Structures are given as C-alpha cells and as structure tokens.
K.L.:
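Just passing along the structure, written as structure tokens.
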Amino acid sequence: MSTSRFPMTELADLPPDLRERIEPIAVKSGFVPNIFRALGHRPNELRAFLDYHDVLMDQPGPLSKAERELVVVASSGANRCIYCVVAHGAILRVRSKDSHLSDHVATNPAGTILDDRQRAIVDLSLALTRTPELFADSDMARARSAGLTDDEIWDIGAITAFFAASNRLAHLTAVAPNDEFYSMGR
C-alpha cells in the first residue's frame, strides 16, 4: 500500500518550528503521524492545520478530550475517512479507556450503546456531517434538550467542520494510517 498520492516529508526535512511542534508527538507516540508527513510538503498549510487542530482538540473547554475524539470518530466514520477513523479511533480508545467504543461509533453509530450525553454529541455531529444543508433549529433544540450548552454545541460543530476538511485532505492524499495506530488502546 502506498503511503500517499503526494510527497511525504520526513521530520528532519520540516522547517525548525514545525519540527519543534511535531517532535514531542513523535517522542510520546514513537512515530510521526503520516498526516503530518503528508501535509509537511506545504508548511504553511501544516501550520494552519496544527493551529486550528490544537485549539479545538487540546485547549480547555466544556467537552472532555474523549468527547472531542468521539466527535471526530463519528464524523470521520460517516465520511468514510479511514485515516481519521483509525488514528482518532486509537486516541478515543486511549482517552475513553473503552477498547470497543470507537469501532462501534465509526461503523454503526445508531446502534452503539451510548449514554444520553454521548448520544447527543454523536447525533449532533452526524446531523452536521451527513446533511449539513438540512441542519436546522430543530437540531439545535434536540441538542439543548439533551443538556448540551451552546458552548458545547459550538465545539461539536467546529470539530465536525474541521474534520470534514481533514477527511477531505486524507481522501485527496490517500494517506495511509500508521500501523502503530491499529493496536493503540487495545
């Protein structure tokens, strides 16, 4: 299997500021995620990607880190993005301490047993992913009636939107998930 349709950049070949951002990830995980290598041949785009990713996924906010990953896995599963399902499925397994959740949400979100909060998060993300042009006040009302705050709804929407773009880039590049992701959290 090819790693990508486009050139892949090695960590050593990235500009110094990007190396400094990605090296700690490589040290912690033991590898450089292929998406960083795929986007690395366009450094300004990689910087923008990492900046927005980090704001959405790492900054303090009303959603837990596991809930954020739940949004990514649900939306990426609906978008059939193998890279993001595998990579973020691994992170969801680690953060949720549930070795089955990500596989179920990615493949059969409607049939997955979730608590009420998780169900509201997944349903909102899927409403924005599957038929965004039909997203309406009724979707907002369902999320609010399930107890989600406006800040949580915003975060779910922003993460869903960001990963729609990420999913499209992964489809364009045909970037393969790192083998290491498959066994993480199992």
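Heavy atoms only: backbone and side chains are in, while hydrogens, waters and symmetry mates are out. Predicted model only: the values in this text are computed from it and were never measured.
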K.L.:
Which atom pair, heavy atoms only, marks the closest approach of Thr9 to Gly40?
P.N.:
OG1-C, 3.2 Å
K.L.:
With sequence neighbours excluded, what pairs up with Ser166 under the side-chain contact (heavy atoms from CB on, under 4.5 Å) test?
P.N.:
Phe49, Cys84, Phe163
K.L.:
So if I apply the side-chain contact (heavy atoms from CB on, under 4.5 Å) rule between Phe36 and each of Leu11, Leu46, Leu18, Leu14, which one comes out positive?
P.N.:
Leu46
K.L.:
Under 6.0 Å from the CG atom of Leu134, do we count more than 12 heavy atoms belonging to anything else shown?
P.N.:
yes
K.L.:
In the structure I gave you, are the side-chain heavy atoms of Gln118 and Val105 within less than 4.5 Å of one another anywhere?
P.N.:
no
K.L.:
Taking ring pair (Phe, Tyr, Trp, His ring centres under 6.0 Å) as the cut-off, I'd like each qualifying pair that reaches into residues 55-82, sequence neighbours left out, listed once.
P.N.:
none
K.L.:
Could you tell me whether a side-chain N or O of Ser102 sits under 3.5 Å from a main-chain N or O of Gly89, the two making a donor and an acceptor?
P.N.:
yes
K.L.:
Check this for me: Asp137, atom CG, are more than 12 non-hydrogen atoms of other residues, nucleotides or ligands nearer than 6.0 Å?
P.N.:
no
K.L.:
Can you see which heavy atom on Pro62 is nearest to which on Asp155, and at what distance?
P.N.:
CD-OD2, 3.2 Å
K.L.:
When you measure from the side chain of Arg130 to the backbone N and O of Ser75, does any donor-acceptor pair fall under 3.5 Å?
P.N.:
no
K.L.:
Using modelled atom types and a 3.5 Å cut-off, is there a donor and acceptor pairing between side-chain atoms of Asp123 and backbone atoms of Ala120?
P.N.:
no
K.L.:
Looking at Asn178 and Glu180, would you say the former's side chain and the latter's main chain have a donor-acceptor pair under 3.5 Å?
P.N.:
no
K.L.:
Can you measure from CG (Leu128) to CD1 (Ile156) and round to the nearest 0.5 angstrom?
P.N.:
9.0 Å
K.L.:
For residues Leu126 and Pro109, determine if any side-chain heavy atom of one lies less than 4.5 Å from a side-chain heavy atom of the other.
P.N.:
yes
K.L.:
Looking at Arg93 and Met184, what are the two nearest heavy atoms and their distance?
P.N.:
NE-O, 2.7 Å
K.L.:
Short question: side chain of Arg37, backbone of Val32 - any donor-acceptor pair under 3.5 Å?
P.N.:
no
K.L.:
Would you give the length of the straight line joining atom CD of Glu23 to atom NZ of Lys28, rounded to the nearest 0.5 angstrom?
P.N.:
16.0 Å
K.L.:
If you measure from the Lys or Arg side-chain nitrogens to the Asp or Glu carboxylate oxygens, is any gap between Arg95 and Glu67 under 4.0 Å?
P.N.:
no
K.L.:
Which heavy atom in Asn79 sits nearest to a heavy atom in Thr129, and how many Å separate them?
P.N.:
OD1-CG2, 3.5 Å
K.L.:
Any donor-acceptor pair under 3.5 Å linking the side chain of Thr131 with the backbone of Glu133?
P.N.:
no
K.L.:
Is the number of heavy atoms from other residues, nucleotides or ligands under 6.0 Å of Asp116 CG greater than 12?
P.N.:
no
K.L.:
Does Ile35 offer a backbone N or O that forms a donor-acceptor pair with the side chain of Tyr83 under 3.5 Å?
P.N.:
yes
K.L.:
Between Thr160 and Ser125, is any side-chain donor less than 3.5 angstrom from a side-chain acceptor?
P.N.:
yes
K.L.:
Hey, could you give me the CD1/CH2 distance between Ile159 and Trp154, rounded to the nearest 0.5 Å?
P.N.:
12.5 Å
K.L.:
In plain terms, say whether Arg19 and Asp13 are close enough for a salt bridge, that is, a side-chain N and a carboxylate O under 4.0 Å apart.
P.N.:
no
K.L.:
Return yes if some donor-acceptor pair links the side-chain N/O of Thr112 with the main-chain N/O of His104 below 3.5 Å, else return no.
P.N.:
yes
K.L.:
Considering residues at least two apart in sequence or located in another chain, which fulfil the side-chain contact (heavy atoms from CB on, under 4.5 Å) criterion with Arg42?
P.N.:
Glu45
K.L.:
Which atom names give the shortest non-hydrogen contact between Ser145 and Arg142, and what distance separates them?
P.N.:
OG-O, 3.0 Å
K.L.:
Can Glu152 and Arg117 be counted as an ion pair, charged N to O under 4.0 angstrom?
P.N.:
yes
K.L.:
Are the charged groups of Asp51 and Arg21 less than 4.0 angstrom apart, N to O?
P.N.:
yes
K.L.:
Could Arg144 and Asp150 be called an ion pair, given the rule that one side-chain N must be under 4.0 Å from one carboxylate O?
P.N.:
yes
K.L.:
Within this structure, what is the CG-CG distance for the pair Leu101 and Leu114, rounded to the nearest 0.5 Å?
P.N.:
6.5 Å
K.L.:
Would a 4.5 Å heavy-atom cut-off, applied to side chains only, mark Leu172 and Arg5 as touching?
P.N.:
no
K.L.:
Return the minimal non-hydrogen interatomic distance between Phe181 and Ala90, and the atom names on each side.
P.N.:
O-CB, 3.3 Å
K.L.:
Please say yes or no: joined through hydrophobic side-chain contacts below 4.5 Å, possibly via intermediate residues, are Ile91 and Tyr52 part of one cluster?
P.N.:
no
